[in-house]
Amino acid sequence: MGAIRQCSRSACRQSAVATLTYVYAESTAVLGPLATYAEPHAYDLCSQHAESLTVPRGWEVLRLAMPTTPQEPGPDDLLALANAVREAASATTETPARHSHPQMEPPVGTEGTRRGHLRILREPS
């Protein structure tokens, strides 16, 4: 479940309901339901801009069927959300806190080479 995407048209702050893609090889613009993920070469449009879409002369517009009502989350979506919450909760309990690690000390009897503010520690042989 991502954030609500806005219309790609400049100065438009309406939420997107359709996705526009171009098939340059066939001189076709395809306007369909809002894509699941935002794609870099696709344009999300609000209902006003989707209805008033025009294309260059000689191009064809292929309008796919748009859903009449917004899609409700299904049982699979809710189960995936519940599983993600469970995984996140178990990951935080398994991860030790940062401040619980003991202070690291250089090995005894080895001398390091100092370079600026960094020190190279040689492994004991």
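Model, not experiment: these values are computed from the prediction.
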Enclosure of Q14 CD (heavy-atom neighbours >12, cutoff 6.0 Å): no
Step-by-step side chain to side chain contact (heavy atoms under 4.5 Å, CB included) determination, S15 to R5: CA-CA 6 Å; S15 59; R5 299 195 316 247; over 6 Å; no
Between [atom1] on residue [X] and [atom2] on residue [Y], distance to nearest 0.5 Å:
{"X": "H49", "Y": "C12", "atom1": "NE2", "atom2": "SG", "answer": "5.0 Å"}
{"X": "E26", "Y": "L62", "atom1": "CD", "atom2": "CG", "answer": "9.5 Å"}
{"X": "C46", "Y": "E51", "atom1": "SG", "atom2": "CD", "answer": "9.0 Å"}

Can you get from [X] to [Y] by hopping between Ile, Leu, Val, Met, Phe, Trp and Tyr side chains that sit under 4.5 Å apart?
{"X": "Y37", "Y": "L31", "result": "no"}
{"X": "W59", "Y": "L45", "result": "yes"}
{"X": "Y43", "Y": "V30", "result": "no"}
{"X": "L64", "Y": "Y22", "result": "no"}

Minimum side-chain heavy-atom gap V55-V61 below 4.5 Å: yes
R63 side chain vs A50 backbone, donor-acceptor pair below 3.5 Å: yes
T19 side-chain N/O to A35 backbone N/O, donor-acceptor pair under 3.5 Å: yes
Any donor-acceptor N or O pair under 3.5 Å, side chains D44, S8: no
Shortest non-hydrogen separation from M66 to G32 and the atoms involved: SD-C, 3.4 Å
